[in-house]
Engineer: 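Before I ask anything, let me first share the structure, which is written out below as structure tokens.
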Amino acid sequence: MTDTRSPCPDTAPARTPGRPRPQARDRRRRLEPPADGGTRAVPGARALRQRLELAGLLLATAVLYLWNLGASGWANAFYSAAAQAGSQDWAAWFFGSSDAANAITVDKPPASLWVMGLSVRIFGLSSWSVLVPQALMGVGTVWLVYLAVRRAAAPATADAGLAHRAGLLAGVVMALTPVAVLMFRFNNPDALLVLLMTAAAYAVLRSIQDARVRWLLFAGLLLGFGFLTKQLQVLLVVPGFAVAYLLAAPAAAGRRILHLLGAGAAMAVAAGWWLAAVELIPAADRPYIGGSQNNSILELTLGYNGLGRLNGDETGSVGGSNGWGTPGLFRLFNSEFGGQIAWLLPSVLLLGAGLLWLGRRAPRTDPVRASVIIWGSWVAATGLTFSFMAGIIHPYYMVALAPGIAGLAGLGGVLLWQRRNQPVAAAVLAVAIVAAGAMAAELLVRTAAYMPWLRWVTLLGALAAAGLVLAAAAPGARGAAGMKGMGMMASRTVARTTAALAVAAALAGPLAYSLSTAATAHSGSIVSAGPAVSGRGGAGIPPALGGAAGGGFGGATTANGTGTGAGTGRGPGAGGMGGLLGASTPSAALVAALQTDAGTYTWAAAVVGSNNAAGYQLATQLPVMAVGGFNGTDPAPTLAQFQQYVADGKIHYFIAGRMMQGESGANDAAQIAAWVQDNFTARTVGGTSVYLLAG
């Protein structure tokens, strides 16, 4: 007989006002069988097995994210140098300064640098002390995705075992998303941002199911610290979180609105205290705010890192407006971004839509609907923003989509699988499986020399799995499934085989890309996951900087300012950029010169551009002034300020180097370089041209 129950029943009624909150043992009973047998129990042995399976997933994720991690060296030296600075000076740690002498900050808030700076302070400066925190953030993100999906699936499946498998599937999808493997082995702020957003999603769902507003307030705090990680990007998930709570929370409408206002206040406090401190501290007593033109964190928030990312009007950007690829609805599927994130994107949108349709008559407080709103709005809002933004965008930004995709995959895959005997559920599930196989085949075709057989295996496997799903949903098959004995055993075997085949077909491509990513060293400012892809030019580098001309990825820079080709561990470097996107690698002779009498000077050297400065700073562990900030287009310092520093004997050397000049922003860095060239004599130290400014 066909099961006609709603796939999304509400088994977590609202708490009656004035009644005491349920004790922990009462909450645990939600996964245990009620008297009428509506939920199957999880015996002790099975519960232990589930814990071991979860531990295995987290352990495997840790191995994938930590294996050979040190091969990437300083990864993004721009942030590694800031972590080194923060480990040496608490003011540099608080503000996120590029150097311990606090000349200028990085062009992001410092939350991710707080974690790395503390790690370096405790364990010493090394590639591992910089990168391990990000890997652990990745493991934590996988765990949180598992917890969030399992909690939502438990009442809907009426089976704690199925809920566990939904969480596991979501965790596996999260762990094997290629761009997630990349960014949880890298030291950009995106790792912490994704962890905080995922934790906030879990807290919102927990607040809805447990009827406890403190979880919603905690979500607000997490989102506030997400703002201190990468500013306005965190706000992309906030509307969906608010809609889910407003729709599904078990409280009166007025109280739900008040709760959301409280969470918004918590978010504002968590983000605003640091912004207020930076704005209130006199400019003379803090570093210059990198990425801004007026030394203002508010300008950085709303301009370079805010609206400028959307409309392309980013003052100080070396790429100029509309230099970062053509915006459009299908941007996430092109050669730049597809292999990073698009593997399951069409499939999970289908699964989410299927869940909403099948649960359309579920109660208002249905946790599945709330989960679909949270994960689905996350994917939709972030995906559409990335698709149409006209400003700076890089392939690794796609990691922000990974938790939403994983949540929909785990929840939708298992809940629709449970209802696969219903025609609608079977049809949606079959189409989603085929879409995953077809998407994988399309993405794998772009890597012609990389495992060419895999595209056919995934496609044929997906077609076979989809066919088995539809065959099992046929009326005759449903009748046969009710037979006892050998018939039932055969049906169970076919079901397990179908499920395994569907998961394997959907995840074989991401797995291959993830292993390739983990096996490749990545460094520089712009990195991509997976093997080299035909048709991918500069992976987010504007044509003016070599993006359309054949694969420059912002490699590291040698002592004389030429590229080494270490931008992503593959392909030619962008030597012509001379340190814009990759760190310098000084010679031993130059390091020795910079370290001589270093205690006499505030800065061992000054050089145009933050990446140039980062290489010298990491090699010497001394403050190196990044003239002009990341792009060399910030008015920090001005020519007059630099001249005063030189007159006061605060800068030992000025190091020559090539630097792209932006189409907008200040020209102080070029003026400083010209003034040094006109007033000081160049000398060569270890193959590098330097100017002795003091001593």
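No hydrogens, no waters, no symmetry mates; every other heavy atom, side chains included, goes into these values.
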Engineer: Can you check whether Phe386 reaches Tyr397 side chain to side chain, under 4.5 Å on heavy atoms?
Structural biologist: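 A side-chain contact under 4.5 Å exists here.
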Engineer: Rounded to the nearest 0.5 Å, what's the gap from CG on Leu345 to CG on Leu401? Could you check?
Structural biologist: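 Those atoms lie 7.0 Å apart.
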Engineer: For the side chain of Gln233 and the backbone of Asp190, is there at least one donor-acceptor N/O pair under 3.5 Å apart?
Structural biologist: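 No; zero donor-acceptor contacts below 3.5 Å.
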Engineer: Whether the side chain of Gln209 engages the backbone of Arg151 through a donor-acceptor N/O pair (distance < 3.5 Å, no angle test) should be reported.
Structural biologist: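 At least one qualifying donor-acceptor pair exists.
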Engineer: On the six-membered ring of Phe630, is Lys108 placed so that its NZ or CZ lies under 6.0 angstrom from the centre and within 45° of the ring axis?
Structural biologist: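 Ring-cation test returns no.
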Engineer: Are Asp89 and Ser97 linked by a side-chain donor-acceptor pair shorter than 3.5 Å?
Structural biologist: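 Checked: Asp89/Ser97 side chains show no N/O donor-acceptor pair below 3.5 Å.
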Engineer: From the options Thr105, Leu302, Ile289, Asn305, select the one residue that forms a side-chain contact (heavy atoms from CB on, under 4.5 Å) with Ile297.
Structural biologist: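 The option that passes is Ile289.
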Engineer: Students often mix this up, so state it plainly: with edges at 30° and 60°, are the rings of Phe94 and Trp114 parallel, tilted or perpendicular?
Structural biologist: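 If you compare the ring of Phe94 with that of Trp114, the planes turn out parallel.
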Engineer: Is the shortest side-chain heavy-atom distance between Asn187 and Ser80 below 4.5 Å?
Structural biologist: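 Heavy-atom side-chain distance check passes, below 4.5 Å.
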Engineer: Do Arg214 and Ser207 pass the side-chain contact (heavy atoms from CB on, under 4.5 Å) test, and can you show the C-alpha distance, the side-chain angles, and the key distance before you say yes or no?
Structural biologist: CA-CA 7 Å; Arg214 69 187 184 191; Ser207 179; over 6 Å; no
Engineer: Say whether, by atom type as modelled, one donor and one acceptor occur between the side chain of Arg256 and the main chain of Ala248 under 3.5 angstrom.
Structural biologist: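 Such a contact is absent between Arg256 side chain and Ala248 backbone.
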Engineer: Return the CG to CG distance between Leu228 and Leu193, rounded to the nearest 0.5 Å.
Structural biologist: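 Answer for the CG-CG pair, Leu228 versus Leu193, is 11.5 Å.
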Engineer: Do Leu344 and Thr177 touch side chain to side chain, with heavy atoms closer than 4.5 Å?
Structural biologist: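 Contact flag for Leu344/Thr177 side chains = no.
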Engineer: Check whether any side-chain heavy atom of Pro635 lies under 4.5 Å from a side-chain heavy atom of Gln293, and answer yes or no.
Structural biologist: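 Yes. Closest side-chain heavy atoms under 4.5 Å.
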Engineer: So which atom in Leu69 and which in Val132 form the shortest heavy-atom distance, rounded to 0.1 Å?
Structural biologist: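 Answer, listing the atom of Leu69 first, then Val132: CD2-N, 3.8 Å.
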Engineer: Is Met267 close to Val234 at the side-chain level, that is, under 4.5 Å between some pair of heavy atoms?
Structural biologist: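 No, side chains not in contact.
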Engineer: Does Tyr245 form a side-chain contact (heavy atoms from CB on, under 4.5 Å) with Ile208? I'd like the steps, not just the answer.
Structural biologist: CA-CA 6 Å; Tyr245 188 85; Ile208 292 172; 3.7 Å; yes
Engineer: Is it the case that the side chain of Asn102 and the backbone of Arg286 share a donor-acceptor pair, with hydrogens and angles ignored and the cut-off at 3.5 Å?
Structural biologist: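 Answer holds: no.
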Engineer: Please report the closest heavy-atom contact between Ala266 and Leu217, naming both atoms and the distance.
Structural biologist: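 That closest heavy-atom pairing would be CB-O, 3.7 Å.
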Engineer: Donor-acceptor pair, distance only, cut-off 3.5 Å: does the side chain of Gln88 make one with the backbone of Ala100?
Structural biologist: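 Flag not set: sc Gln88 to bb Ala100 has no pair under 3.5 Å.
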Engineer: Does Glu336 form a side-chain contact (heavy atoms from CB on, under 4.5 Å) with Met398? I'd like the steps, not just the answer.
Structural biologist: CA-CA 11 Å; Glu336 303 284 338; Met398 301 304 109; over 6 Å; no
Engineer: Is there a donor-acceptor contact under 3.5 Å from the side chain of Thr385 to the main chain of Ala381?
Structural biologist: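 Judged by distance alone, yes, a pair lies under 3.5 Å.
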Engineer: So, does Thr229 use its side chain to make a donor-acceptor pair with the main chain of Ser112 at under 3.5 Å?
Structural biologist: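 Here the side-chain-to-backbone pair does not exist.
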Engineer: Would you say the side chain of Gln134 lies within less than 4.5 Å of the side chain of Phe186, judging by non-hydrogen atoms?
Structural biologist: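 Phe186 does not reach Gln134 side chain to side chain.
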Engineer: Between the side chain of His164 and the main-chain N/O of Arg150, is any donor-acceptor distance below 3.5 Å?
Structural biologist: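 The answer is no, because no donor-acceptor pair under 3.5 Å joins these two groups.
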Engineer: With a 3.5 Å distance limit and no angle check, can you tell me whether Arg185 reaches the backbone of Tyr65 through a side-chain donor-acceptor pair?
Structural biologist: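 Answer holds: yes.
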Engineer: Given the rule in the side-chain contact (heavy atoms from CB on, under 4.5 Å) test, do Arg206 and Phe218 qualify, once you have shown the distances and angles that lead to the verdict?
Structural biologist: CA-CA 10 Å; Arg206 187 76 181 266; Phe218 183 51; over 6 Å; no
Engineer: Which one of Leu408, Leu351, Val237 satisfies the side-chain contact (heavy atoms from CB on, under 4.5 Å) criterion with Trp375?
Structural biologist: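 Between Trp375 and the candidates, side-chain contact (heavy atoms from CB on, under 4.5 Å) is satisfied uniquely by Leu408.
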Engineer: Could you tell me if the side chain of Phe227 sits less than 4.5 Å from the side chain of Thr301, heavy atoms only?
Structural biologist: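 When only atoms from C-beta onward are counted, Phe227 and Thr301 do touch, with a gap below 4.5 Å.
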Engineer: Quick one: does any side-chain atom of Ser72 pair with a main-chain N or O of Ala75 as donor and acceptor, under 3.5 Å?
Structural biologist: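 Not confirmed, Ser72 side chain does not pair with Ala75 backbone.
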Engineer: Are any of the side-chain heavy atoms of Phe184 and Met174 separated by less than 4.5 Å?
Structural biologist: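 Yes, close enough: below the 4.5 Å cut-off.
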Engineer: Please determine if Arg309 forms a cation-pi arrangement with Tyr304, meaning its NZ or CZ atom is less than 6.0 Å from the six-membered ring centre and no more than 45° off the ring axis.
Structural biologist: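 Satisfied, under 6.0 Å and within 45°.
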